[in-house]
Amino acid sequence: MNLASGNIVASQRDILGLPVCELDWADAFAFAEEVATMPFGQTVIAFINANNANLMMRDPDYRAVLERQVVLPDGHGVDIASMVFHGRKFPANLNGTDFVPALLTYITRPMRVALIGTRKATLMRAAENFRHHAPWHEFIPISDGYFDREKSDEVMEQVRDAKVDILLVAMGSPAQEKWIDRHVGPGHARLVLSVGALFDFVAGDVRRAPLGIRRLRLEWLYRLLQEPTRLWRRYILGNPVFLYHVMRYKLSGMVVKRRRDDTAKAGLL
């Protein structure tokens, strides 16, 4: 399966039944910039990691939403799955915490960027730090993530009135992806990204792991040591569950292939 936009054509790998783009950093930046600068249309980008994959495996609605969005690989777990299913890692670990700030630096054309999510004080600090990070863009904090969901259309009217190019939504998974799917339309922004805890990192509320740990793809362990009470279930329980899903999916595929081969052989007899 391929994903095409202008000059960028990306193959997609099956990860637990979900198509995930295999782009390197350069092509991922070029693709996102291209769709963000189009005069019409909309592209929604989500990220899949081991935790999101576990959620997807028990939530068919979440899976259906992700299938309607462009999904990028995030983290070592997805690379393990790719090795098991396809024999190779993804070209790049396009986690949103690194990808989005780098994308904003990569895009030199001034953009209007709207922010929705997290706590109000954190949202404001994140917007201010984004302005220092990429001052040629305009960053517009629209709403924190705790607004009454019955007022979602009112929030999106504010986005429409702001005439933004890029919309960043930080509500946590699967809430953010589902909310985007339900409430965000082509008239709101050309590029929409679900960004999880990004605003917390940008605002300085949560510290990033040192670069060496991130290069080893062990940021999950660093975060677990920082917030063991909140994250132990995600990582201590979640990682083995993810590996279980990977091996079960692999074995089921092998069984299906064997049956097809047996059927084909029987047809030749």
Side-chain angles (χ1 to χ4, degrees), residues 18 20-21 32 35-36 42-75 78 94-101 103-104 113-127 130 139-160 162 164-203 205-206 220 223 227 230-231 233-234 238:
L18 178 71
V20 179
C21 293
V35 297
Q42 184 179 84
T43 298
V44 179
I45 293 179
F47 301 87
I48 190 74
N49 55 32
N51 180 63
N52 294 359
N54 286 342
L55 296 174
M56 175 188 75
M57 294 302 288
R58 62 175 184 262
D59 186 342
D61 292 337
Y62 181 40
R63 176 187 289 274
V65 166
L66 290 176
E67 289 173 349
R68 291 191 285 270
Q69 300 177 355
V70 176
V71 181
L72 301 181
D74 172 0
V78 180
L94 301 172
N95 68 87
T97 309
D98 290 323
F99 178 76
V100 175
L103 174 65
L104 294 171
V113 185
L115 286 66
I116 298 175
T118 195
R119 299 168 297 279
K120 184 174 182 178
T122 300
L123 178 69
M124 295 304 176
R125 285 196 301 273
F130 271 131
F139 294 93
I140 307 162
I142 298 292
S143 173
D144 62 43
Y146 297 93
F147 61 88
D148 183 349
R149 294 298 184 261
E150 294 296 323
K151 297 182 178 179
S152 293
D153 290 342
E154 296 177 24
V155 170
M156 292 315 302
E157 278 302 312
Q158 295 179 53
V159 174
R160 188 187 301 274
V164 302
D165 304 293
I166 300 173
L167 172 62
L168 308 179
V169 179
M171 298 178 179
S173 297
Q176 59 193 9
E177 292 87 359
K178 290 182 175 182
W179 187 83
I180 289 169
D181 187 69
R182 181 174 181 180
H183 296 286
V184 181
H188 295 126
R190 257 82 67 200
L191 175 62
V192 183
L193 299 105
S194 53
V195 297
L198 175 64
F199 297 168
D200 296 325
F201 287 116
V202 173
D205 290 6
V206 178
W220 67 270
R223 291 193 64 195
E227 302 179 84
R230 189 174 74 86
L231 296 177
R233 185 179 298 275
R234 174 185 298 186

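Excluded from the calculations below are hydrogen atoms, water molecules and symmetry mates; all remaining heavy atoms, backbone and side chain alike, are included. Bear in mind that the values here come from a model prediction, so they are computed numbers and not experimental data.
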Considering non-hydrogen atoms only, spot the tightest contact between [X] and [Y] and give its length.
X      : Y      : value
Val78  : Ala50  : CG2-N, 4.3 Å
Leu55  : Pro174 : CD1-CD, 3.9 Å
Ala170 : Gly196 : CB-O, 3.2 Å
Gly96  : Pro101 : O-CD, 3.8 Å

Check against side chain to side chain contact (heavy atoms under 4.5 Å, CB included), Tyr62 and Ser173: CA-CA 9 Å; Tyr62 181 40; Ser173 297; 3.7 Å; yes
Is there a side-chain contact between [X] and [Y], using heavy atoms and a 4.5 Å cut-off?
X      : Y      : answer
Arg190 : Val35  : no
Leu167 : Ile116 : yes
Val113 : Leu104 : yes
Asp74  : Ile48  : no
Cys21  : Val71  : no
Val70  : Val44  : no
Val169 : Met171 : yes
Glu177 : Leu66  : yes

Output, in order, the C-alpha distance, side-chain angles, deciding distance and verdict of side chain to side chain contact (heavy atoms under 4.5 Å, CB included) for Leu72 and Ile45. CA-CA 7 Å; Leu72 301 181; Ile45 293 179; 3.8 Å; yes
Where the side chain of [X] meets the backbone of [Y], is there a donor-acceptor pair that is under 3.5 Å apart?
X      : Y      : value
Gln176 : Gly172 : yes
Asn52  : Phe47  : yes
Gln42  : Gly185 : yes
Arg149 : Phe147 : yes

Under a 3.5 Å threshold, yes or no: a donor from one side chain and an acceptor from the other, between Thr118 and Asp144? no
Without hydrogens or angle criteria, can the side chains of Asn51 and Asn54 be said to hold a donor-acceptor pair below 3.5 Å? no
Using side chain to side chain contact (heavy atoms under 4.5 Å, CB included) as the criterion, point out the one residue from Thr97, Asp98, Leu193, Asn95 that pairs with Leu198. Thr97
Identify the residue among Ile142, Val202, Leu123 that makes a side chain to side chain contact (heavy atoms under 4.5 Å, CB included) with Leu115. Leu123
Distance (rounded to the nearest 0.5 Å) between Asp205 CG and Arg125 CZ: 4.5 Å
CE on Met156 to CD on Gln158, rounded to 0.5 Å: 9.5 Å
Kindly assign one of parallel, tilted or perpendicular to the pair Phe139 and Phe130, based on the angle between their ring planes and the thresholds 30° and 60°. parallel
For His183 and His188: C-alpha separation, side-chain torsions, deciding distance, then whether side chain to side chain contact (heavy atoms under 4.5 Å, CB included) applies. CA-CA 10 Å; His183 296 286; His188 295 126; over 6 Å; no
Mark yes when over 12 heavy atoms from residues, nucleotides or ligands other than Arg182 sit less than 6.0 Å from its CZ; otherwise mark no. no
Whether Asp59 and Lys178 form a salt bridge (side-chain N of Lys/Arg under 4.0 Å from carboxylate O of Asp/Glu) is what I want to check. yes
Between Glu157 and Arg160, is there a side-chain N and carboxylate O pair less than 4.0 Å apart? yes
Given side chain to side chain contact (heavy atoms under 4.5 Å, CB included), test Ile140 with Val159 step by step and report yes or no. CA-CA 9 Å; Ile140 307 162; Val159 174; over 6 Å; no
